Protein chains: 2
Amino acid sequence: MNEKSRRPGLLQAGRPSPTLEDLATAAGVSRSTASRAINGGLKVSPEAQAAVDAAIVALGYTPNRAARSLVTRRTGSIALVIPEPDARVMMDPFFAAVITGVNEALRGTDMQLVLLMSRAGDDSARTMRYLRGGHVDGAIVVSFHEADDWAETLGTTGLPTVFIGRPWAMGFGVPYVDLDNFEGGRLAARHLAATGRTRLGTVAGPADMTAAVDRLEGWKQGVREAGLQPGPVIHGDFTTAGGAEAARDLLSGSPELDGVFAASDLMALGVIDVVRGGGRKVPEDVAIVGFDNHSLLAANGMGLTTVTQPMVDMAVTAGKLLIRVIENPEEQLEPVIYPAELVVRGSTAGHGD
Amino acid sequence: MNEKSRRPGLLQAGRPSPTLEDLATAAGVSRSTASRAINGGLKVSPEAQAAVDAAIVALGYTPNRAARSLVTRRTGSIALVIPEPDARVMMDPFFAAVITGVNEALRGTDMQLVLLMSRAGDDSARTMRYLRGGHVDGAIVVSFHEADDWAETLGTTGLPTVFIGRPWAMGFGVPYVDLDNFEGGRLAARHLAATGRTRLGTVAGPADMTAAVDRLEGWKQGVREAGLQPGPVIHGDFTTAGGAEAARDLLSGSPELDGVFAASDLMALGVIDVVRGGGRKVPEDVAIVGFDNHSLLAANGMGLTTVTQPMVDMAVTAGKLLIRVIENPEEQLEPVIYPAELVVRGSTAGHGD
DNA sequence: CCATGTGGTGAGAGCGCTCCCACATCCGTG
DNA sequence: CACGGATGTGGGAGCGCTCTCACCACATGG
């Protein structure tokens, strides 16, 4: 007010961040040179570089991201889009793994992770605007449903995008990381058949998610290959409660079942509860195979036989893929498919063996 | 190249976002008026407002956050700081709840959530720089340890901050949301005593976290009030594996225990495994009380008696608190403490009753 | 000897936005 | 009819940064 009023900023209480100008003055160089020294240091003399480096430390300088963003058109952040705002769904270890993995991939970069959780319909339009508005450099989309047209919209938008899970609409050149869900379902069927179960049924995932559909198709094929009847199929929502509900339907319709494949561990838990609630024993009367290899269910009780997927690795890969797309938008990237593996535990033991 | 080269942006392929100038032109008003219409619309005639609104829709205009940020000194995003980058730790439903809750609190605001997961020591300095660099308008810090001096540093920095969990250092005026952990521990002790257990021990949480310390203090007091001996205390790390390890120590040192309080459900799971592995029965020989009311452990097996905390609600409150601090930095906010409640299930059944 | 680099530098423009201020209306009141 | 006070409007500066460009020293080649 009384003086120059445009002091280095130290007196502003709220945000004492020094500007590049201040940095340059402190280092005894021009703003341009300081800027160069910060960004890679090409065409900067060793002395100038050293002076700037020292000044950075002395002043505790951090570049103003907004200002940089304004001119570079890069924001230094990517979005993780999760169209499931529900705490119940978030409990799924899948999300913890995805978040951890993507974060891991970003380590070393100075990129930050912005979490975009949007209820479908509700504020998905808002999410799309945010994504298209250039507020992030790229997006990782996860757990999408058929009705979400992320693939189409983002694919045509030009925003670098990577999917975790095979998108419904292909041909938009959007790379993705996925598990071989088909093989996973097939493995479950073959395993149940191999342990002597003959009357099989499945609690599948939501019919509007490719992961669920693929697991189901694989399951059917596996059952067929084992020479067994294609049993009943009920769809659940991947949660424990949904699995229990589906299991009630399944077992009331087909009480003779002796092997059930649930397309998620959480649903498998629900199935086990219902089976036991009906007075039948697991695995003696009914064998159960889950999907995900949820760590909590590994050792708990008798242990759940399940199909395992390297979720964290998949997320790391997705993150790295996205960074590549951002840095080189022209490059066409192939999908990365991880193999599924069966982990045998107590829930399919005994019986014929 | 050939013409003005500064076209509205539609031809830039990458990011076709129209600028405020374009918007104003389309609406037939000045840049200033358009800006006013967008931000609250004070001192804007109804006609101008309508024209701008229409143009926004027509052009699909989204304000450039970077540019706005540059002048307003507001970024429109807040950080969620989680000093635990480990997938194993992330599995804890606590984080899912926190993320969901904070996100819920942000709904309606146009704030975005930036996830900052930093390994202590490793890149916590980087995290601090990011936070202090004015890249976010505020921060929610969660699951901090005594060695993390977030409270001190952020408290003096002036960055609006809210803690989830009581911070170690008080007196920095940093508001927080917490559970009455002391009462939770006390409830666990009194319940075990009430069901006739007399030889009690506990697997406490990390000694460098206030939640763990408070639970332990409450537990000790509860044991004392019941007229029992203060039993052995072993510290775990809140994970299942950590709980199992602690339980081995606990039980090898004190094989006579008939009641154990684990400071987290995940640890309780580890304790149960070890107890059973040692040939003893839960709850007949040893009763177990957990903490968190993890949904997976509610119905699974016999059901875990536990202390419940409204994690999502707490996170929502933290988010709302933060928004208040951001909007009114002067206001002094009181901590919000939620009550703890005991949920009795199978793991403490039978015995004396 | 001048032409042509080549590494290092600084001035200046401008990214898209908000906010201050000057100005132009249109009131109601003395 | 003159005047202060609303009410609405547009021009302009400037937020902190990057990037182009002109420039200066030298070195190198003919």
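Computed over heavy atoms, backbone and side chain alike; hydrogens, waters and symmetry mates excluded. These figures come from a predicted structure and were not determined experimentally. In what follows, chains carry the letters A, B, and so on, assigned in the order in which the sequence lines appear, proteins first and then strands, with residues in each chain numbered from 1.
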Which one of A/I78, A/L322, A/V316 satisfies the side-chain contact (heavy atoms from CB on, under 4.5 Å) criterion with A/V102? A/I78
Does a side-chain N or O from B/Y61 land closer than 4.0 Å to OP1 or OP2 of C/dG16, or not? no
Angle class for the A/H135/A/Y130 ring planes (parallel below 30°, perpendicular above 60°, tilted otherwise)? tilted
Rounded to whole Å, the CG-C1' distance (B/L59 to C/dG16) equals 15 Å
Between A/T33 and C/dG8, does any side-chain N or O lie under 4.0 Å from OP1 or OP2? no
To the nearest angstrom, how far is A/K43 atom NZ from D/dT20 atom P? 12 Å
What's A/R36 touching, base or sugar-phosphate or nothing? Going by heavy atoms closer than 4.0 Å. base
Is there a donor and acceptor pair, one atom on the side chain of A/R31 and one on the base of C/dG12, closer than 3.5 Å? yes
For C/dT18, does OP1 or OP2 lie under 4.0 Å from any side-chain N or O of B/R73? no
Does B/S30 place a side-chain N or O at less than 4.0 Å from the phosphate oxygens OP1/OP2 of D/dG10? yes
Just by distance, do the side chain of A/R65 and the backbone of A/G76 share a donor-acceptor pair under 3.5 Å? yes
Using the closest heavy atom to pick a nucleotide of DNA chain D for each, name whichever of A/R65 or B/A34 lands nearer the 5' end. B/A34
In whole Å, what is the span from the CG atom of A/L70 to the C1' atom of C/dC15? 4 Å
Which part of the nucleic acid does A/A66 contact within heavy-atom distance under 4.0 Å: base, sugar-phosphate only, or nothing? nothing
Under the 3.5 angstrom rule, does the side chain of B/S32 hit a backbone N or O of B/S30 as a donor-acceptor pair? no
Nearest whole Å is fine: how far is C/dG16 P from A/R68 CZ? 18 Å
Which residue, A/P46 or B/T72, contacts DNA chain C at a nucleotide closer to its 5' end, judged by nearest heavy atom? A/P46
Between C1' of D/dG16 and NE2 of B/H135, the distance in whole Å: 12 Å
Rounded to whole Å, CG of B/L20 lies from P of D/dG14 at a distance of 19 Å
Do any side-chain nitrogens or oxygens of A/S35 fall under 4.0 Å of OP1 or OP2 in D/dC19? no
Closest heavy-atom contact between B/A79 and B/L116? CB-CD2, 4.0 Å
Value in whole Å for how far the P atom of D/dC19 lies from CG of A/N39: 7 Å
Counting just side-chain N and O atoms, does A/S45 come under 4.0 Å of either OP1 or OP2 of C/dT9? yes
Whole angstroms only, please: what is the CD-P distance between A/E21 and D/dG14? 13 Å
On the nucleotide D/dC15, are OP1 or OP2 found under 4.0 Å from the side-chain N or O atoms that A/N64 carries? no
A/R31 backbone acceptor or donor facing A/S35 side chain under 3.5 Å: no
Name the nucleic acid region contacted by B/S32, choosing base, sugar-phosphate or nothing; use a 4.0 angstrom heavy-atom cut-off, strictly under. base
Given that A/A67 and B/V44 both sit by DNA chain D, which one's nearest nucleotide is further toward the 5' end? B/V44
